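Encoded as structure tokens, the structure appears first; notes follow it.
Everything quoted here is computed from the prediction, not taken from an experiment. One is the number of the first residue; the rest follow in order along the sequence.
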Amino acid sequence: MERGNVNWIEVTTVGDLVDRAASETTADAVVFPDERVTYPELAEQSTRFARSLRGLGVEAGDKVAILMPNCMEFVIAFVGAAKLGAVVVPINGRFKAHELGHVISHADVRVLLTASSGDAATDYATLIGEVFPDAAGQDAAHLTLDSAPALRQIVDMAGTTPGFLTRAELMAAGETVDAAEVKRMQERVRVRDVAMLMYTSGTTARPKGCLLSHEAIVRHGANVARSRFFLTPEDRYWDPLPLFHIGGIVPMLSCFNARCTFVHAGHFDADVALAQLQDEQCTVAYPAFETIWLGVLNHPRLADADLSKLRLIQNIATPERLAYMQERMPWVIEVSSYGATECSSNLTLPLPDDSYEARMQTLGHPLPGIELKVVDPETRAERPTGEVGELAFRGYSRFEGYHKDPELTASVIDAEGWFYSGDLARLDPDGRLIYAGRLKDMLKVGGENVSAIEVEDFVSGHGAVDIVQIVGAPDARYDEVAVAYVQLKPGASCSEEEIIAFCVGRIASYKVPRYVRFVTDWPMSGTKIQKFVLREQIAAELEGRGITEAPRIDRRTASAS
């Protein structure tokens, strides 16, 4: 409960959060482009789903995985499993067979829920069938799979697949379970119990399983809602991020806390998104990633759309890009953020009434209840204000550790609870965070350290550049050199030589990209661009062409030759 400027700590479980909201309002809880539920409907349907999972034998602590498109049934299954005290495992919809098999086995998944739809990029049921071909000849109610020993049932929520239970069979299993049994299990769930096992997106390495408690995700959702976005029951909060992403789940819990409406884009389509933002009269937008939001900003019908209800947008972008997006919608407050799965989403956020400079140039202060510091990556000694170092944080929303990896957990969480993020940052004199890239997102060019984000920020200032990513390419002379992957603005044209010329003489020569590659599609892990894929692509290209040394920079012609 809020009194004045105080945010009193209120902690509850996912299931009780929804049921309490349902007792207080009949408003829309969740809206997708083609379906919606009120709070009472969500409470009732999630309890019904919990009964069905219980009918399959799901116990508290069991892992229930969800591999589905963004849809209402995903939300219902998430809340239903949480009511039993089960651990929800949202699976990245971009995973292929190898990654999928690893996660299901590594997570000790007990029940796997899947569904495919016409607009999904992947037929999930078919993919799972390829991962577990031996399921087809077994009793779907009692699977025994060597590659996933804990897995007992796979449910196809939208079809019939050999070896999988159907949706009808799942729901029938709940007919023998009394709602009072679900209620008793829900009452036994502790706020420090693990609610979710979420695997990181794997932009730089194999996905790691983050263990997140009910307190971490529910309390953090409430904290963001109250102390940064100031959500009220009248707000309608638009989010296009996948529900397997922390930025899909925790904002939804923010809305449940505020008793407002969570409006999800479903399978993101710029046409649908623009119409949804207008028709649902959305007040807050959480696109988070510029690759998503630019689809709206560059829409040919944007000028005709009525988005006057929007008051706040959160994007993650360089200062130059953030200022560009603010300029495109001057009536809306634009903020950026630092976030991580390990922190249950946002670690820092500016306040809406912070100065323009603070909102454009920094990622804001840490949220109440979270501490941060910047340390020497080797010694972990704290660095002075203004100096770049590794970002560390601790607080109630920090994850419990990495599933089945105590060595890695011990290497990143110290005895005082500090998590060492692997990200570079510095603090301004007022304690606001300024991101400086990944600790490992550094290039070593002829012995000189080069920050990828620094070069990205510079190249993005070229008038034709929409999105840029900098990675390293192997080089016989310099060990590695910078490569710019560039997506141009709609209708713009530019050459490799022009991008290089834009940089020469304006940034240090060792920072200048020696290769430029133009793209229209990015390798994505849900929401993040996979830089390791770009590095692999350029390395394979250069090897295939027999190129071992980058072109030299000709300062007279300002090009690589």
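Considering only heavy atoms from C-beta on, Q469 comes within 4.5 Å of W522 through its side chain. In this structure, L312 and T283 have side chains that are not in contact, with every pair of non-hydrogen atoms separated by 4.5 Å or more. With contacts defined as side-chain heavy-atom distances shorter than 4.5 Å, the pair H299/V296 does not qualify. Under the 4.5 Å side-chain criterion, counting only non-hydrogen atoms from C-beta, L302 is in contact with L274. In this structure, P33 and V272 have side chains that are in contact, with non-hydrogen atoms separated by less than 4.5 Å. Residues L367 and H220 meet the side-chain proximity criterion, which asks for heavy atoms closer than 4.5 Å. Using a 4.5 Å cut-off on side-chain heavy atoms (C-beta onward), V284 and L310 make no contact. I217 has its side chain within reach of M196: a pair of non-hydrogen atoms, C-beta onward, lies under 4.5 Å apart.
Listed by chain and number, the residues in a side chain to side chain donor-acceptor pair (under 3.5 Å) with W293 amount to none (sequence neighbours excluded). With sequence neighbours left out, the side chain to side chain donor-acceptor pair (under 3.5 Å) criterion links Y402 to E342.
A donor and an acceptor atom, one from each side chain of R517 and Q537, are nowhere located under 3.5 Å apart. With 3.5 Å as the limit, one finds no donor-acceptor pair spanning the side chains of T362 and D428. Counting only N and O atoms by type, the side chains of T409 and D405 include no donor and acceptor under 3.5 Å apart. Inspection of the N70 and H267 side chains reveals no N or O donor paired with an N or O acceptor under 3.5 Å. In the model, W238 has no side-chain atom that pairs as donor or acceptor with a side-chain atom of E280 under 3.5 Å.
Under a cutoff of 6.0 Å and an axis angle of 45°, R394 and F419 do not form a cation-pi pair. Taking the ring axis of F230 as reference, the NZ or CZ atom of R228 does not stay both within 45° of it and closer than 6.0 Å to the ring centre. Both tests hold for R321 against Y324: distance to the six-membered ring centre under 6.0 Å, angle to the ring axis within 45°.
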**Message:** Go through it in stages, so that I can follow the logic: the residues are K373 and E382, the test is salt bridge (charged side-chain N to carboxylate O under 4.0 Å, His left out), and I'd like the CA-CA distance, side-chain angles, deciding distance and then a yes or no.
**Reply:** CA-CA 7 Å; K373 62 181 179 179; E382 193 162 355; 5.3 Å; no
**Evaluation steps, side-chain contact (heavy atoms from CB on, under 4.5 Å), between Q326 and I313** = CA-CA 9 Å; Q326 176 69 87; I313 300 173; over 6 Å; no
**Message:** Between T261 and V30, is the side-chain contact (heavy atoms from CB on, under 4.5 Å) condition met? List the steps.
**Reply:** CA-CA 6 Å; T261 302; V30 181; over 6 Å; no
**Derivation and outcome, side-chain contact (heavy atoms from CB on, under 4.5 Å), residues V465 and K489** = CA-CA 6 Å; V465 173; K489 292 178 179 177; over 6 Å; no
**Prompt:** side-chain contact (heavy atoms from CB on, under 4.5 Å) between L67 and I128: does it pass, once the steps are laid out?
**Reply:** CA-CA 10 Å; L67 177 62; I128 293 170; 3.9 Å; yes
**Prompt:** Yes or no on salt bridge (charged side-chain N to carboxylate O under 4.0 Å, His left out) for D475 and R514, after CA distance, side-chain angles and deciding distance?
**Reply:** CA-CA 10 Å; D475 189 79; R514 302 305 176 93; over 6 Å; no
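Shown here for F399 and L212, the closest heavy-atom pair between the two residues is CB-CD2, 3.6 Å. Considering all non-hydrogen atoms of both residues, I333 and P352 come closest at CG2-O, 3.6 Å. Counting all heavy atoms, side chain and backbone alike, I370 lies closest to F393 at CG2-CB, 4.5 Å. Here the closest heavy-atom approach between residue I246 and residue P251 is recorded as O-CD, 3.6 Å. The minimum heavy-atom distance between P474 and L542, with the atom names listed, is O-CD1, 4.3 Å. Looking at every heavy atom in both residues, G248 comes nearest to L243 through O-CD2, 3.8 Å.
Using a distance-only test at 3.5 Å, with no hydrogens or angles considered, no donor-acceptor pair links the side chain of D354 to the main chain of P350. Of the possible donor and acceptor atoms, none in the side chain of Y515 sits under 3.5 Å from a partner among the backbone N and O of A482. Within the 3.5 Å criterion, the main-chain N or O of I470 finds a donor-acceptor partner in the side chain of K531. Checking side-chain atoms of T385 against main-chain N and O of L427 turns up no donor-acceptor pair under 3.5 Å. The backbone N or O of T200 lies less than 3.5 Å from no partner atom in the side chain of T341, so there is not a single donor-acceptor pair. A distance-only check finds no donor-acceptor pair linking the side chain of T348 to the backbone of P366 [under 3.5 Å]. The closest donor-acceptor contact from the side chain of H365 to the backbone of D430 lies under 3.5 Å. E480 places a side-chain N or O within 3.5 Å of a backbone atom of K444 that can act as its donor or acceptor partner. Under the 3.5 Å distance criterion, the side-chain polar atoms of E496 are matched with a main-chain donor or acceptor of V516. Side chain of D239 to backbone of L241: a donor-acceptor contact under 3.5 angstrom is found.
Note: S411 OG to Y420 OH = 11.5 Å, rounded to the nearest 0.5 Å. Here CG of L534 is found 9.5 Å from CZ of F532. Values are rounded to the nearest 0.5 Å. A distance of 5.0 Å separates OG in S345 from OH in Y286, rounded to the nearest 0.5 Å. Taking SG from C343 and CZ from R398, the interatomic distance works out to 10.0 Å, rounded to the nearest 0.5 Å. For the atom pair CG (L277) and CG (L307), the distance works out to 6.0 Å, reported to the nearest 0.5 Å. Here CD of E390 is found 8.0 Å from CG of D423. Values are rounded to the nearest 0.5 Å.
We find that E378 and R383 are not joined by a salt bridge, their nearest charged nitrogen and carboxylate oxygen being 4.0 Å or further apart. Between E387 and R426, no side-chain nitrogen of the basic residue sits less than 4.0 Å from a carboxylate oxygen of the acidic one, so the salt-bridge criterion is not met.
Using cut-offs of 30° and 60° for the angle between ring planes, the F262 and Y237 rings count as tilted. Ring orientation note: the planes of H264 and F32 are tilted relative to one another, at an angle of 30° to 60°.
Dense packing is recorded around CD of E371, with more than 12 heavy atoms of other residues, nucleotides or ligands lying under 6.0 Å away.
With M198 as the partner, the side chain to side chain contact (heavy atoms under 4.5 Å, CB included) test is satisfied by one option alone out of V89, N92, I249: I249.
The aromatic ring centroids of F244 and Y199 lie 6.0 Å or more from each other.
Screening residues 306-320 for side chain to side chain donor-acceptor pair (under 3.5 Å) gives D235-R311, D306-S308, Q314-N346, N315-E334, T318-D457, E320-S460 as the qualifying pairs, with residues at least two apart or on separate chains.
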